[in-house]
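Structure first, then comments.
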Amino acid sequence: MDVFHALQQRRSVRAFLPQTPSADTVRALMEGAARAASGGNLQPWRVLALTGEPLAQTLQAVAQAQPEAYANSLSYPPDLWEPYRTRRFANGEDLYRSIGIPRDDKAARLEQLGKNAEFFGAPVGLFICVDQRMGLPQWMDLGIYLQSLMLLAVENGLATCAQGFWRRYDGALAAHLGLPANYSVAVGVALGFEDTQAPINTLQASRAPFEEWAELRGF
């Protein structure tokens, strides 16, 4: 599989089979992604992969914690503006439509939202962490690492879902996972084999046309 094909195949999967990828495979993804570019070769990521009892205990710790409200816990800027507001709204509506939840069924929507706290049933949960003293350029490096990890997962027949959700429980996670001082969870990643029979996995997020966000000059 080439990189372009992997990019076309990658998407956020929200229902997984119980089969657990091998430790060798998970390590290969984590280690391979570390070839990602980083400014000054800082390699600012710290990554934990959990499965089995360690994962169950972590989910339980989060279930007993209260979500935190601070700037870095937000997945989107407040008062999101156009065209981003419409894109986000459309994506949410498409997701709930795929599983037959109408807009006015708030209880069902909250139930689906709560599956974030279970890694959507994935048998492996990864936490990509960063030292809080790092700046925006290092957070960009984390994004490159994350994309590399997800593309390698596709190449190996695995599915992922990147989740900013976990930043809302950063304090509880840092304590439970024993992160070094100053470290925070930047993003969580659900990892496993896709449940191809799950309706929610039929969702394929749209992309804005090239002309809306790009220009070619001097060609």
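Because only heavy atoms are used, hydrogens play no part in the values below, and waters and symmetry mates are left out as well, while side chains stay in.
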Problem - Salt-bridge present (Arg167, Asp170; N to O < 4.0 Å) - result: no

Exercise for the section: May I ask you to test the Cys129-Ser184 pair for a side-chain heavy-atom distance under 4.5 Å? Expected result: no

Practice task
Just do the side chain to side chain donor-acceptor pair (under 3.5 Å) check on Gln43 and Asn41 with the steps written out, would you?
Solution key: CA-CA 5 Å; Gln43 305 167 67; Asn41 199 31; 3.2 Å; yes

Exercise for the section: Answer yes or no: are there more than 12 heavy-atom neighbours, outside Glu111 itself, under 6.0 Å from its atom CD? Expected result: no

Problem - Centroid-centroid distance, Tyr84 to Phe89, less than 6.0 Å - result: no

Problem - Contact summary for Ser98 and Leu95, nearest pair of heavy atoms - result: OG-O, 2.5 Å

Exercise for the section: Please check if the side chain of Arg11 supplies one atom and the backbone of Asn201 the other of a donor-acceptor pair under 3.5 Å. Expected result: yes

Handout entry: Residue Met1 excluded, over 12 heavy atoms near CE under 6.0 Å
Key = yes

Practice task
Report yes or no: do Tyr183 and Leu48 belong to one cluster of Ile/Leu/Val/Met/Phe/Trp/Tyr joined by side chain heavy-atom distances under 4.5 Å?
Solution key: yes

Practice task
State, with a plain yes or no, whether a side-chain heavy atom of Phe16 is found less than 4.5 Å away from one of Glu194.
Solution key: no

Problem - Same cluster (ILVMFWY, side-chain, under 4.5 Å), Phe119 and Val124 - result: no

Problem - Donor-acceptor pair, side chain of Asp195 and main chain of Ala15, under 3.5 angstrom - result: no

Exercise for the section: Could you tell me whether the side chain of Thr25 and the main chain of Pro21 form a donor-acceptor pair under 3.5 Å? Expected result: no

Practice task
Give a yes or no answer on whether the side chain of Arg109 reaches the backbone of Pro102 with a donor-acceptor pair at less than 3.5 Å.
Solution key: yes

Practice task
State whether the number of non-hydrogen atoms from other residues, nucleotides or ligands found under 6.0 Å of Phe4 atom CZ is greater than 12.
Solution key: no

Exercise for the section: Using modelled atom types only, decide if a donor and an acceptor are shared between the side chain of Asp141 and the backbone of Gly39 within a distance under 3.5 Å. Expected result: yes

Practice task
Measure from the side-chain N and O atoms of Trp45 to the backbone N and O of Tyr145, and report whether any donor-acceptor pair falls under 3.5 Å.
Solution key: no

Exercise for the section: Please say whether more than 12 non-hydrogen atoms of neighbouring residues, nucleotides or ligands are located less than 6.0 Å from CZ in Arg46. Expected result: no

Exercise for the section: For Asn156 and Leu158, indicate whether the former's side chain and the latter's backbone hold a donor-acceptor pair under 3.5 Å. Expected result: no

Exercise for the section: Kindly work out whether a path of hydrophobic side-chain contacts (I/L/V/M/F/W/Y, heavy atoms less than 4.5 Å apart) joins Leu203 to Val13. Expected result: no

Practice task
Inspect the surroundings of CD in Glu53 and state if more than 12 heavy atoms from other residues, nucleotides or ligands are less than 6.0 Å away.
Solution key: yes

Problem - Heavy atoms of other groups near Glu82 CD, more than 12 under 6.0 Å - result: yes

Handout entry: Gly135 backbone acceptor or donor facing Gln138 side chain under 3.5 Å
Key = yes

Problem - Contact check, side chains of Phe127 and Leu50, non-hydrogen atoms, under 4.5 Å - result: yes

Handout entry: Same apolar cluster (I L V M F W Y, side chains within < 4.5 Å links), Leu29/Leu151
Key = no

Practice task
For residues Arg14 and Lys115, determine if any side-chain heavy atom of one lies less than 4.5 Å from a side-chain heavy atom of the other.
Solution key: no

Problem - Heavy-atom pair with the smallest gap, counting every atom of Ala33 and Leu152 - result: N-CD1, 3.4 Å

Practice task
Look at the side chain of Ser12 and the backbone N and O of Cys161, then say whether any donor-acceptor pair between them is shorter than 3.5 Å.
Solution key: no

Exercise for the section: With salt bridge (Lys or Arg N to Asp or Glu O under 4.0 Å) as the test, would you mind laying out the steps for Asp94 and Arg97 before giving the verdict? Expected result: CA-CA 5 Å; Asp94 289 344; Arg97 189 179 301 111; 2.7 Å; yes

Problem - Any Val154 side-chain heavy atom under 4.5 Å of His5 side chain - result: no

Problem - Glu68 side chain to Gly171 backbone, donor-acceptor under 3.5 Å - result: yes

Problem - Derivation of the side chain to side chain donor-acceptor pair (under 3.5 Å) call for Gln163 and Asn116 - result: CA-CA 8 Å; Gln163 299 172 265; Asn116 275 277; 3.2 Å; yes

Practice task
Could you tell me whether Arg87 and Glu212 make a salt bridge, using a distance below 4.0 angstrom between a side-chain N and a carboxylate O?
Solution key: yes

Practice task
State yes or no: do Leu177 and Phe165 share one hydrophobic cluster built from I, L, V, M, F, W and Y residues joined by side-chain heavy-atom distances below 4.5 Å, directly or via other members?
Solution key: yes

